[in-house]
Each structure stands twice: as structure tokens, then as C-alpha cells.
Amino acid sequence: MRNLELLVANWKSNKTIDETETWLHDFSEGLNKASIGLEDRRIIVAPPFTSLEHARYCAGNLKLAIEFAAQDISPFIEGAYTGAVNGKQIKEFANYVIIGHSERRREFGETDEMLEKKVAMALHFGLTPIFCIQNENTPVPQGIKIVAYEPPSAIGTGNPDTPENANNVAIKVKDRYDITHVLYGGSVTGQNVASFMQMPSIDGVLVGGASLDPLKFLEIIKNA
Ligand code: PGA
């Protein structure tokens, strides 16, 4: 049986609370208008920390069958770690957390060792990590069930990997680790999503730029 599809919207460092509310409202309206069913798939939205609480509240009011992810997690437990948001706090609003995105590695100096600690914290607090790898050789920490393969050259460039190559990476990663889902990320659009979703070892997509517009994200869901 085919895996439940995961379609993840990564808003990165975008959207105020007002913009979050508008996105959810427009998404809900678009979903109803187009009669897009969300059965057999899981939609996960990753807003910035500042919008998580309100996003969850609005989704509840709109009766939207979507889930939430944080985009990062502290490698530490609660306590004297100024500026850090820990797993216990995230768990109040989200069930998932994105860990190891290449932007975190590149712009914030996150190392494999730190990412292992973040994964351990996520698991400790009952969050499901969505662990990003840049290629088939990126180490995947223990306990990971969902991996997102995102080649840095494909992120935000309009230059996606080929579905065949992404599928080959997914096969190798599934052979090597005990994981249930491999997602593809990097310049996914409504036009190319089906070519990735048709690949037997790809179980979903992680969408950045195209998820900022609710109608574009809906198109991705529709075509997936
Ligand atoms: P993109 O980003 O869809 O804008 O390429 C994907 C990601 O970084 O998660």
C-alpha cells in the first residue's frame, strides 16, 4: 500500500500574524471552492514561531484538517538558553519540527552534532522531526522516520532536481536507514509536483517559495 502522502509548507522567515490569518482564510476558501479532498494525505504547515499559536487557533476555527510544524528547535531542554524555543514549548502548538534545513546549516552554522541534539530533544518531547538532507551522504540521526531530500542547488532557484535522481536518493536513504517517508524539496511547483509524486520511493514534498501563496500551495496539493 502506498504511504500516506505528506505535503509540507515551509514559510521560512515570512509572514506576520495578520498575514498568517489571511493565508489560512484564503486556503480554506480555496479548498472548499475547488472541493479538494485531504484524505490519504497529510498537510503540514510550518509558520514562524511567532505565528504558530495563531495559526493553530485559526485552523481550529476554520475546521481545517491540517497540522503544524515548527521550523527549528532548541538543542537544549528548558532553562537558561536566551532566545531558544524548546521542544516542550513547541509541543503546545505543533506535532512536527523541521530539523537540519540547509539554510540553518549555512546561515546559522548548525553542525551534524548539534542536529543530533535537536533530534533527541524533538523525540524527547514527542515531536516528529522532518530531517533535511542535502544529498545521500548526509548523516541521518537515530530515530528519524521522515527525511526531506533537498539539494541546496534546487532551493529557491527554480532549478529542481530531476525526479529520477530524487527517487534514486530516496531509495538509497531508505535502504540505509529505517525511515518511512522521503520527501523531495527544492523549487516544487504545481507544474512539477506530479513528476516527483509519481516516483515510487518519494512520499511527499517540502515546499518553500510556492507555499507562501495559499492558492499556489493548493495547486500543488491538487496536482500531487
Ligand atoms: P523552495 O524551498 O521550494 O523555495 O525551493 C524549499 C525549502 O527550502 O524547503
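Because the structure is a prediction, the values reported are computed rather than measured. Just follow the structure's listing: the first ligand is 1, and inside any ligand the first atom is 1. Just so it is clear, the values below take in all heavy atoms, side chains as well, and ignore hydrogens, waters and symmetry mates.
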*Using a strict 4.0 Å cut-off to heavy atoms of G209, name the atoms of ligand 1 that fall inside it.*
1 (P), 3 (O), 4 (O)

*Is it true that S187 lies under 4.0 Å from ligand 1, counting heavy atoms only?*
yes

*Which residue and heavy atom of the protein sit nearest atom 7 (C) of ligand 1, plus the separation*: E150 OE2, 3.1 Å

*Which of these passes side-chain contact (heavy atoms from CB on, under 4.5 Å) with F27: D213, L62, T22, I221?*
I221

*Near H101, which atoms of ligand 1 are under 4.0 Å from a heavy atom of that residue?*
7 (C), 8 (O), 9 (O)

*Under a heavy-atom criterion of less than 4.0 Å, does S102 contact ligand 1?*
no

*Take E150 and H101, measure what side chain to side chain donor-acceptor pair (under 3.5 Å) needs, and give me the verdict at the end.*
CA-CA 8 Å; E150 297 205 311; H101 194 284; 3.1 Å; yes

_Atoms of ligand 1 close to G186 [distance to a heavy atom under 4.0 angstrom, numbered from 1]_ = 5 (O)

*Transitive ILVMFWY cluster of Y81 at side-chain heavy atoms under 4.5 Å: who else is in it?*
F76

_For a side-chain contact (heavy atoms from CB on, under 4.5 Å) check, start with the C-alpha distance between L115 and R105, then their side-chain angles and the critical distance, and finish with the verdict._
CA-CA 9 Å; L115 297 174; R105 294 176 188 259; 3.3 Å; yes

*Quick one: which ligand 1 atoms are inside 4.0 Å of a heavy atom on G156?*
1 (P), 4 (O), 5 (O)

_Atoms of ligand 1, numbered as shown, that sit under 4.0 Å from any heavy atom of L206_ = 9 (O)

_A210 to I220 - nearest heavy-atom pair and separation_ = CB-CD1, 3.8 Å

*Between H25 and C58, is any pair of side-chain heavy atoms under 4.5 Å apart?*
no

_Only heavy atoms of A154, strictly under 4.0 Å: list the atoms of ligand 1 that pass._
5 (O)

_W23 side, atom CH2; L212 side, atom CG - distance, nearest 0.5 Å_ = 9.5 Å

*If you measure from CD on E92 to CZ on R56, what distance do you get to the nearest 0.5 Å?*
8.5 Å

*What protein heavy atom sits nearest atom 3 (O) of ligand 1, and how far off is it?*
G208 N, 2.8 Å

*May I ask you to list the atoms of ligand 1 that are less than 4.0 angstrom from any heavy atom of N10?*
9 (O)

